[in-house]
Amino acid sequence: MVIIMKPGTGKEEIDALAARFRDQGLDVGITNGIDCSILGLVGDTSCLDIDKIAMQPHVERVMRVQEPFKKANRKFHPTDTVVNVGKAKIGSGSFCVIAGPCSVESEAQIIEVAQDVKKSGAALLRGGAFKPRTSPYSFQGLGTPGLDLLLEAREATGLPIVSEIMAPRYVDLFEEKVDVVQIGARNMQNFDLLKEVGRMSKPVLLKRGLSNSYEEWIMSAEYIMSEGNENVILCERGVRTFETYTRNTLDVSAIPVIKKMSHLPIIADPSHACGMSWMVEPLALAAIAAGADGLIIEVHNDPPHAKCDGKQSLTPEQFDALMKKVEAMTALMGKTLIQ
Ligand code: PEP
Ligand code: MN
């Protein structure tokens with residue numbers, strides 16, 4: 001961190017400020033220019049409040065030169081993190097596809113879709129039991145019975161299950177029943193929830209918020225990791241832009257940028273990004289080309305009658321066709337597709 005002092009600040013004030021930072025365990029270098037002095041702080045400055053420092057009477061300006069995240073930072077952990085879920089592996093050359101319906105609707109639906117997506121090469125099964133819906137009058141998910149149906153589907157297929165947690169009060173339930181805990185876009189900055197899942201033993205799939213920056217997103221991963229859970233998978237699911245043709249806009253740039261900033265694996269969700277089934281395939285392939293470590297795809301056995309997100313859901317046949325291209329594209333990118 002660099003602190004530029006106001007012109008004319010006396011040596012006494014500068015030394016007093018430097019001493020305060022030294023007391024906090026930081027190294028402080030002082031450079032005296034012609035009209036102003038600059039303090040260079042070296043060490044762990046992540047707990048310093050930049051706004052408070054800027055409010056000090058003799059301080060002109062404060063700049064961070066290091067990112068505020070440590071555990072998720074590639075600088076301090078140059079090798080890729082691999083998240084293991086059963087025999088599935090996500091990251092560092094291992095690529096997985098998570099597939100399934102937006103929401104669990106019935107035993108027949110989830111078992112049928114699970115068997116279909118497994119046959120086509122999915123490594124994990126998704127399905128929402130608790131749904132974050134824009135309207136309180138829309139289908140809210142089956143709740144706990146929905147998680148039990150996912151367990152039946154896991155039993156029938158061997159696929160680990162991924163499901164969204166909506167509130168801290170469900171932590172014990174999810175710890176017991178699911179294999180990967182999803183934090184949805186709307187909860188990306190629900191810090192209480194992030195801290196709670198940070199104490200869980202299960203990997204966390206952290207979706208990017210609708211309008212959040214890369215740094216905010218990684219800081220949310222940092223919340224989870226700082227509580228001890230380092231198994232975080234980031235998921236780019238499209239962001240809000242001025243464009244209304246698509247549901248959201250898949251930010252393909254996020255994939256290489258996140259890979260540069262962090263060692264955590266990143267997957268893409270083309271289904272929620274575009275909102276239309278015909279666009280899922282090109283976006284999925286674009287994400288692989290950009291370096292994604294996996295995909296999460298909505299698949300439904302009867303999309304026109306789906307209780308949630310039918311318009312963006314692939315049929316099992318469409319998913320099967322996509323998986324053939326995913327196989328070719330992952331091979332082209334030198335990745336191992338785990339099925
Ligand atoms: C979902 O995965 O069904 C979902 C609600 O996703 P998001 O949080 O990205 O909108
Ligand atoms: Mn959905």
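Atoms within a ligand are numbered from 1 in the order they appear, just like the ligands themselves.
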Inset, instruction - List the steps and the verdict of salt bridge (charged side-chain N to carboxylate O under 4.0 Å, His left out) for E216 and R208. - result: CA-CA 9 Å; E216 287 166 341; R208 182 182 182 183; over 6 Å; no
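Within the structure, every pair that satisfies the ring pair (Phe, Tyr, Trp, His ring centres under 6.0 Å) test and touches residues 126-176, not counting sequence neighbours, is listed here: F130-Y170, F130-F174.
Within E298, the N/O/S atom positioned nearest the Mn ion (ligand 2) carries the name OE2.
Among protein heavy atoms, the minimum distance from atom 2 (O) of ligand 1 is reached at R126 NH1, 2.8 Å.
The shortest N/O to N/O separation between E164 and ligand 1 does not fall below 3.5 Å.
Here is the list of ligand 1 atoms found below 4.0 Å of a heavy atom in R237: 7 (P), 9 (O), 10 (O). For ligand 1, the atoms lying closer than 4.0 Å to a non-hydrogen atom of E298 are 3 (O). Ligand 1 places these atoms under 4.0 Å from at least one heavy atom of R186: 7 (P), 8 (O), 10 (O). Numbered from 1 in the order shown, with element, the atoms of ligand 1 that lie under 4.0 Å from a heavy atom of C102 read 3 (O). The G184 neighbourhood of ligand 1 comprises atoms 8 (O), with distances under 4.0 Å to a heavy atom of that residue.
Of the N and O atoms on the side chains of S201 and E175, at least one donor lies less than 3.5 Å from an acceptor on the other residue. Residues D309 and H300 have side chains that never bring a donor and an acceptor to within less than 3.5 angstrom of each other.
By the 4.0 Å heavy-atom criterion, R208 is excluded from the residues contacting ligand 1.
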